[in-house]
> 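My structure is below; once you've seen it, I'll send some questions.
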Amino acid sequence: MSKILIRGARVLGGDPQDVLVDGGTIAEVGAGVEAPDATVIEAAGQVLLPGLVDLHTHLREPGREDSETVLTGTRAAAAGGFTAVHAMANTFPVADTAGVVEQVWRLGRESGYCDVQPVGAVTVGLEGKQLAELGAMHDSAAGVKVFSDDGKCVDDAVIMRRALEYVKAFDGVVAQHAQEPRLTEGAQMNEGAVSAELGLGGWPAVAEESIIARDVLLAAHVGSRVHICHLSTAGSVEIVRWAKSKGWNVTAEVTPHHLLLTDELVRSYNPVYKVNPPLRTEADVMALREALADGTIDCVATDHAPHPHEDKDCEWAAAAMGMVGLETALSVVQQTMVETGLIDWAGVADRMSFRPAAIGRLEGHGRPVSAGEPANLTLVDPAYRGAVDPAGFASRSRNTPYEGRELPGRVTHTFLRGRATVVDGKLA
């Protein structure tokens with residue numbers, strides 16, 4: 001593997017520095033680094049970040065390869081600056097056994113575009129009735145540490161308690177899709193003024209908040225770790241803030257789309273805006289941004305949810321819920337958090353690399369940009385401005401809510417252990 005000299009990049013948004021990569025490792029960081037035999041990347045004005053880590057990605061394989069595959073999903077991840085993703089368990093068959101999580105893990109190794117860490121199901125078949133093989137999935141080659149029935153809520157309190165108790169044995173974490181099912185039957189969008197005007201079934205904030213309140217109490221009771229997936233309401237923020245003030249082991253994520261978009265967009269009846277949890281109000285969006293800035297919300301996770309054309313190009317009620325997000329996540333965070341002054345680029349590194357890697361107990365990722373560390377790196381041009389064109393996506397699906405919208409920033413290079421997966425904005 002050849003040497004690479006990244007010259008003049010702003011490491012974590014700081015002063016320009018040179019970064020020498022030798023093999024899979026960062027060899028030197030500083031001013032005036034010399035390496036005559038290295039390939040030079042002139043990076044003046046660009047920001048160098050540790051490779052991004054996504055705690056919440058739907059790669060769809062096995063079973064829904066018409067939406068995405070591990071290969072296409074990891075190509076999309078690399079294009080978005082990610083060097084590791086956590087693949088959710090709602091595949092067909094469900095990733096509720098050692099065999100399925102090992103299959104996904106091996107497909108990730110074969111793809112070569114980013115590391116794939118499978119997330120194991122909490123319950124058999126995501127049915128919420130019987131614990132899945134948590135220990136066997138952890139002991140497998142995939143080494144599963146995060147378990148989630150995402151797409152469905154573990155709504156049975158006894159099952160949730162047992163899962164939290166079980167994962168304590170190996171420092172695992174249960175990631176909860178907080179949605180009380182009885183309160184969201186027939187729900188199509190956020191419950192509020194807009195849903196009332198449009199006559200669409202409402203998904204009330206309390207359906208999320210009640211589950212989060214229960215689960216932080218359960219996690220505290222058994223002394224275990226709970227992670228809240230795609231937190232979306234101001235009330236949820238307050239519950240997580242309270243739980244953290246108690247010193248409980250609670251973490252939470254927010255999606256890029258919940259940092260930018262509101263339920264007002266549903267007035268278009270365009271199913272591209274249909275997602276679970278739904279787009280909320282402007283007040284919720286502002287609360288989520290503030291909570292991400294002050295650390296109440298730990299990290300950004302894409303909830304990348306690809307769907308084929310026919311599942312989205314239909315009437316609202318029949319459309320699938322979800323949006324693709326890997327290739328636009330960093331741009332949305334730049335617009336909503338960096339350009340608003342809420343966090344700096346070091347904060348982006350913290351919320352999109354350091355913290356998600358720590359929550360997932362993912363070794364080799366979320367590491368400092370310093371000598372001796374793995375060369376998992378992302379180079380970003382923050383001055384770039386351009387309209388989102390899904391025709392150029394690496395993802396197999398095109399269900400983005402940002403088509404035609406101008407977003408800032410562009411990933412120019414991504415390196416996975418020193419090997420370029422993206423060069424000059426194009427997949428290597």
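Numbers here simply count residues along the sequence, with the first being 1.
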> Would you sort out whether Asn376 and Arg367 count as a side-chain contact (heavy atoms from CB on, under 4.5 Å), showing the intermediate values?
CA-CA 8 Å; Asn376 296 315; Arg367 303 294 305 161; over 6 Å; no
> Where the side chain of Ser148 meets the backbone of Ala175, is there a donor-acceptor pair that is under 3.5 Å apart?
yes
> For Arg405, check side chain to side chain donor-acceptor pair (under 3.5 Å) against everything at least two apart and list the hits.
none
> Would you say the side-chain atoms of Ser236 and Glu208 include a donor-acceptor pair closer than 3.5 Å?
yes
> Short question: side chain of Asn399, backbone of Ala305 - any donor-acceptor pair under 3.5 Å?
yes
> Check the pair Asp298 / Lys244 against side-chain contact (heavy atoms from CB on, under 4.5 Å), numbers first and verdict last.
CA-CA 11 Å; Asp298 297 83; Lys244 287 191 169 192; 2.7 Å; yes
> Do Leu265 and Pro401 make a side-chain contact, defined as non-hydrogen atoms from C-beta onward lying under 4.5 Å apart?
no
> Suppose we call two aromatic rings close when their centres sit under 6.0 Å apart. Are His309 and His307 close by that rule?
no
> Given salt bridge (Lys or Arg N to Asp or Glu O under 4.0 Å), test Glu403 with Lys312 step by step and report yes or no.
CA-CA 14 Å; Glu403 182 173 4; Lys312 277 292 195 179; over 6 Å; no
> Tell me the salt bridge (charged side-chain N to carboxylate O under 4.0 Å, His left out) pairs involving residues 148-158, sequence neighbours left out?
none
> Please assess Asp311 against Lys274 for the test salt bridge (Lys or Arg N to Asp or Glu O under 4.0 Å), listing each intermediate value before the final yes or no.
CA-CA 11 Å; Asp311 287 358; Lys274 187 176 180 182; over 6 Å; no
> Any idea how Tyr166 and Phe170 line up, ring-wise: parallel (<30°), tilted (30 to 60°), or perpendicular (>60°)?
perpendicular
> Can you name the nearest heavy-atom pair linking Ala387 to Gly404, along with the distance?
CB-O, 3.8 Å
> Mind running side-chain contact (heavy atoms from CB on, under 4.5 Å) on Tyr269 and Glu315 for me, showing each step along the way?
CA-CA 8 Å; Tyr269 286 102; Glu315 64 182 27; over 6 Å; no
> Taking the basic N atoms (NZ, or NE/NH1/NH2) and the acidic carboxylate oxygens, is any pair closer than 4.0 Å for Arg64 and Glu68?
no
> Taking all heavy atoms of Glu102 and all of Ala142, pick out the closest pair and write down the distance.
CG-N, 4.1 Å
> Look at Glu110 together with Arg106 and state whether they make a salt bridge at an N to O cut-off of under 4.0 Å.
no
> I want to check something: taking the side chain as every heavy atom from C-beta on, are Pro382 and Trp345 in contact at a cut-off of under 4.5 Å?
yes
> What is the minimum heavy-atom distance between Ala163 and Leu131, and which atoms define it?
CB-CD2, 3.8 Å
> Can we say Arg280 and Glu209 salt-bridge, meaning some charged N sits less than 4.0 Å from an Asp/Glu carboxylate O?
no
> Would you check if the side chain of Asn90 reaches a backbone N or O of Leu126 as a donor-acceptor pair within less than 3.5 Å?
no
> Roughly how far apart are Asp263 CG and Trp203 CH2, rounded to 0.5 Å?
13.5 Å
> Counting distance only, does the side-chain N/O of Glu253 pair as donor-acceptor with the main-chain N or O of Val300 below 3.5 Å?
no
> If you take all heavy atoms of Ala375 and Val21, which pair is closest and at what distance?
CB-CG1, 3.6 Å
> Closer than 3.5 angstrom, by distance alone: can the side chain of Gln176 be matched with the main-chain N or O of Val226 as a donor-acceptor pair?
no
> Is the shortest side-chain heavy-atom distance between Cys299 and His227 below 4.5 Å?
yes
> Quick one: does Arg398's side chain have a donor or acceptor within less than 3.5 Å of a partner on Pro390's backbone?
yes
> Does this structure show an ion pair linking Arg267 with Glu197, if we count only N-O contacts that are shorter than 4.0 Å?
yes
> Take Phe393 and Leu326, measure what side-chain contact (heavy atoms from CB on, under 4.5 Å) needs, and give me the verdict at the end.
CA-CA 10 Å; Phe393 281 1; Leu326 286 168; over 6 Å; no
> Please answer whether the main-chain N or O of Ala220 pairs with a side-chain N or O of Lys246 as donor and acceptor at a distance below 3.5 Å.
no
> Are any side-chain N or O atoms of Glu61 and backbone N or O atoms of Val70, one a donor and one an acceptor, separated by less than 3.5 Å?
yes
> Return yes if some donor-acceptor pair links the side-chain N/O of Thr72 with the main-chain N/O of Ser395 below 3.5 Å, else return no.
no
> Does the pair Arg241/Glu238 count as a salt bridge with the N-to-O cut at 4.0 Å?
yes
> Compare every heavy atom of Arg225 with every heavy atom of Leu164, then report the nearest pair and how far apart it is.
CD2-O, 3.5 Å
> Of His257, Gln179, His177, which is the lone residue that meets side chain to side chain donor-acceptor pair (under 3.5 Å) with His230?
His177
> For a quick test of reading the model, state the closest non-hydrogen atom pair linking Lys145 to Gly360 and the distance between them.
CB-O, 3.9 Å
> Please confirm whether the backbone N or O of Gly325 pairs with a side-chain atom of His304, one donor and one acceptor, at under 3.5 Å?
yes
